Amino acid sequence: AVVLMRGAGPDKDKIPPLARTAVESGAYTVVLDASGEPALPGTISIALGRAEGLAACVAALYALQQMVVATALITVDNIGVPLRSSKVTV
């Protein structure tokens with residue numbers, strides 16, 4: 001999978017060619033999109049609202065965290081289960 005971040009700043013026009021190349025190669029392509037532009041064809045686009053620079057990165061943090069946790073739940077057996085201890089602290 002390829003994960004791209006597209007903000008509303010001057011670099012937003014550099015993302016579509018990268019996304020197109022990734023899609024054409026057959027890779028799942030996720031775009032965390034804070035540009036306010038329409039979704040890129042063939043990608044999984046997560047609209048974050050219009051932002052640029054550091055504000056766009058901060059807007060993407062929650063979505064990125066959710067993606068990482070969901071991926072871990074799917075790919076790692078017994079995630080969150082203690083391996084070397086049965087102690088539970090509340």
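Keep in mind that this is a model prediction, so the values were computed, not measured. All values below were derived from every heavy atom in this structure, side-chain atoms included, with hydrogens, water molecules and symmetry-related copies excluded.
Annotation for Gly9 and Glu52: closest pair N-CB, 3.5 Å, computed over non-hydrogen atoms. The two atoms that bring Ala56 and Met5 nearest to each other are O-CE, 3.1 Å, heavy atoms only. For Ala59 against Leu48, the heavy-atom pair with the smallest separation is O-CD2, 3.9 Å.
Applying the 4.5 Å side-chain rule to ILVMFWY residues, one finds Val2, Leu4, Ile15, Leu18, Val31 in the same cluster as Leu40.
Placement of Val69 and Val76 within a single hydrophobic cluster is found when ILVMFWY residues are connected by side-chain heavy-atom separations under 4.5 Å, directly or transitively. Both Met67 and Ile44 are part of a single hydrophobic cluster, where members link through side-chain heavy atoms under 4.5 Å apart.
Listed by first then second residue, pairs satisfying side chain to side chain donor-acceptor pair (under 3.5 Å) with a partner in residues 27-51 read Arg6-Asp33, Arg6-Ser35, Lys12-Glu37, Asp33-Ser35, not counting sequence neighbours.
In terms of the salt bridge (charged side-chain N to carboxylate O under 4.0 Å, His left out) criterion, residue partners of Asp11 (sequence neighbours excluded) are, by chain and number, Lys14.
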